[in-house]
Amino acid sequence: MNQSEFTRRLLLQGTAGLLGTAALARVVPAQAATDELRLWAAPIMRPFDTWAPFEEKAGIKLAWSPKSASADEALSKMMVGDGRKLYDAFTDNGGGMEDAMAENGVIAELDTARIPNWNLLRDEVRDPNGEAAHSIRYKDKVYAVPYIANADSLAYNKSMLGQDYNSWEALFDPEFKGRTAMQNDFGPTMTVTAIYLHDSGKMSIKNRSDMQPDEIQGVAEFLIEKKKAGQFRTFWNGFQQGVDLLASGEVAMMSCWEPIQRVAAKKSGQDIVYGTMKEGHQVWNNIVMLTKDAAAAGKDAAFYKLAETVLSPWYTTRQLSRFGFASLTTGMVDYLEANAADFDVADLKETLKRKEQRYAVAGNAWQNVYPTHLRTYQEWWSRVQAA
Amino acid sequence: MTVVTPREGAGDGSLWQRLVADDGPGRLLFYLPAVFMTVFFLVPLALTLVWSVFERTMFWMEPGFTLAAYGDFFLSGRLDSFLNSVQSGLVTVLVAFALGFPIAVFVRRSLPVAAQHKAVLLFILPFMISEVIRLFSLRPVLGRNGIVNDALIGIGLIDLPLDWLLFTPAAVVIGEVMSFLPFMVFCGFLAMEGVPDYVFELCSDLGSGVVRTFVRVIVPLAAPGIFAATVFIFVNSLGLFLVPDLLGGPGAANAGTLVVNAIAALDFPLAMAIAAVMVALMVGLLLIGHRLFDITKILQPYR
């Protein structure tokens with residue numbers, strides 16, 4: 001072997017070794033320590049600039065991968081893809097997703113006795129017969145921890161309109177033609193419309209969360225009629241688009257998530273209000289789930305620490321402060337008052353009060369990720385889009 | 001000094017020489033692009049067609065043969081959205097031609113040779129900014145309280161802001177033209193570059209006016225390039241869902257949006273069926289183009 005061959009061979013071997021190691025590290029994720037949880041979660045789960053405060057509070061390490069809010073991503077990754085090998089815990093919408101995941105053996109059943117803060121959950125979720133019980137359960141067994149929740153409503157620019165609104169009627173009122181918007185998603189948009197149509201007596205809809213084909217058609221035809229009449233400026237997609245629409249004054253009111261209203265109000269400096277609608281709202285939970293693989297690998301203890309933390313007032317009040325969300329738990333007001341230096345207590349108590357008012361409306365409908373007639377929803381939504 | 005040719009100097013390195021010899025195994029390297037295209041284009045294309053007739057399940061699909069996905073496309077509002085996006089794409093092509101091709105002709109005919117390529121390269125600059133940013137930045141420009149409306153009101157041309165500039169089909173065309181105009185400029189310029197100067201001199205000597213020269217001489221000679229630009233723009237217009245997403249009206253959708261929506265709804269056969277229809281449309285367009293313009297000339301200089 002001469003010098004040049006030696007050098008070249010060494011170089012090749014070294015390079016191949018490095019590349020091989022790197023490739024292997026990409027393909028076969030290293031087995032993380034049992035106190036480190038590989039968390040695949042929406043950024044909204046983190047009401048801090050970094051995860052460090054959460055890790056310190058929970059006493060665990062997190063290897064976080066950001067996740068979008070789209071349901072298809074979780075389904076394709078966890079059921080078809082390699083998600084179960086990559087992540088120990090993940091978040092998604094409650095009320096359907098946990099059913100799909102549990103039915104397909106992706107997630108582990110939870111022992112709520114290992115989460116002392118479980119008792120802080122409100123009866124709607126904790127009680128097996130509560131109206132939101134289904135959003136964390138599959139076949140009466142708990143599979144998910146609800147970490148944020150809300151009742152989505154109408155945001156309106158009071159500075160521009162000069163008055164308050166308490167009915168979805170305003171959203172469809174020809175007086176505001178071309179100055180309203182809704183979400184470009186058949187789930188929340190058709191549910192909210194159904195709530196309005198039912199409560200106003202324009203249609204009789206038995207279950208606004210899970211409509212029958214003729215009911216879906218009626219709701220879609222109403223939206224098509226309004227759309228053709230020029231009622232909607234647009235249908236918004238995503239957080240930033242929603243904020244932009246409201247803050248720029250492009251629309252005077254729209255159905256949206258509460259953080260959109262909060263950010264738009266701060267950004268524009270205008271009095272943009274998140275109202276309480278007398279007809280009802282779409283109520284939802286976001287949940288965090290533990291994969292069966294992680295439970296088998298001994299990661300359950302770390303997961304229960306995470307669950308304990310997201311249900312604590314320490315976390316829920318910070319969610320409330322940062323995004324206007326909070327899980328359906330009790331104890332927030334006491335915590336806020338005891339830690340007044342850390343929060344704008346008056347503002348947050350007012351936010352909680354409005355939240356309670358929205359939760360209390362009789363016509364509320366819980367989010368249903370997978371309604372029975374899903375294809376009919378999709379089919380009619382395509383007609384709304386094309387109208 | 002002894003001159004050593006590669007073959008003579010091969011010695012111990014003859015392995016390399018044998019590899020790269022005309023009849024050596026190295027010639028197989030030239031088949032790599034074909035292998036690449038087969039694996040990453042033809043196979044996925046074939047799978048698209050096969051999967052489009054599979055049975056949909058709750059979360060995936062299973063082998064079978066059904067045209068249900070095509071039924072879901074052709075017998076729903078999706079077809080209307082698709083046809084709307086075809087119409088929007090055609091309008092975009094026409095506007096891009098009206099704006100972009102004269103630029104290409106101007107650069108080719110009126111600028112010094114040394115400046116021509118630099119001028120054309122200027123049109124690359126917008127591509128250096130993210131598509132999302134470019135499109136999103138149109139919103140404060142075209143909105144009710146946007147720069148255009150403020151300017152028009154400021155100079156007294158209008159009293160009330162123009163609503164149709166944003167969240168309308170017109171806004172989609174504006175966004176698409178802004179995004180795809182460089183294709184028309186590039187292709188038009190390349191086509192014009194192959195047209196010798198004496199052609200223009202002949203037209204001038206024969207007394208042909210500017211308009212007549214443009215319509216009867218320049219456009220026919222540049223037709224393959226114009227067609228190439230048309231295909232690029234039309235395909236992107238159908239498939240790039242960001243434009244209707246950010247600038248279109250309520251629920252605005254093009255073919256790309258329909259595919260994304262179908263995947264989001266876990267209706268993979270439907271997504272594949274829509275993609276198959278898009279491919280069929282493009283193949284049809286290319287066949288028509290080939291018949292009319294002989295698209296093999298696209299990459300050939302003018303003779």
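The sequence lines fix the lettering, A, B, ..., with proteins before strands; numbering per chain opens at 1. Just the heavy atoms: all of them, side chains too, but no hydrogens, waters or symmetry mates, feed the values below.
- Per-residue counts of heavy-atom pairs under 4.5 Å with chain B were compared for Gln231(A), Gln240(A), Met182(A), Lys227(A); the largest is that of Lys227(A).
- Inter-residue side-chain proximity for Asn261(B) and Gln385(A) is flagged as met; some heavy-atom pair is nearer than 4.5 Å.
- The residue among Arg233(A), Glu379(A), Arg383(A), Met79(A) with the most heavy atom pairs within less than 4.5 Å of chain B is Arg233(A).
- In terms of non-hydrogen atom pairs under 4.5 Å with chain B, the most contact-rich of Leu374(A), Thr234(A), Thr189(A) is Thr234(A).
- Residues Asp244(A) and Phe136(B) have side chains in contact (heavy-atom distance under 4.5 Å, counting atoms from C-beta outward).
- Heavy atoms of other residues, nucleotides or ligands lying less than 6.0 angstrom from NZ of Lys266(A) number 12 at most.
- In this structure the side chain of Leu270(B) never reaches within 4.5 angstrom of the side chain of Gln378(A), judged on heavy atoms.
- Within the 3.5 Å criterion, the main-chain N or O of Ser248(A) finds a donor-acceptor partner in the side chain of Asn145(B).
- Taking chain A as the reference chain and counting heavy-atom pairs below 4.5 Å, the highest number among Leu246(B), Leu166(B), Leu83(B) is found for Leu166(B).
- Taking CG from Asn237(A) and CZ from Phe241(B), the interatomic distance works out to 9.5 Å, rounded to the nearest 0.5 Å.
- Taking all atoms of both residues into account, the shortest heavy-atom contact from Asn84(B) to Ala386(A) is ND2-O, 3.8 Å.
- Checking side-chain atoms of Glu250(A) against main-chain N and O of Arg144(B) turns up a donor-acceptor pair under 3.5 Å.
- With a 4.5 angstrom heavy-atom cutoff, Ala181(A) does not touch chain B via any of its atoms.
- Interface with chain A: from residues 64-79 of chain B, residues Asp72(B), Leu75(B), Ser76(B), Gly77(B), Arg78(B) qualify, criterion being any non-hydrogen pair under 4.5 Å.
- The 12-atom threshold is exceeded at CD of Glu55(B), counting heavy atoms of other residues, nucleotides or ligands nearer than 6.0 Å.
- Between Phe235(A) and Asp245(B) the shortest side-chain heavy-atom distance does not fall below 4.5 Å.
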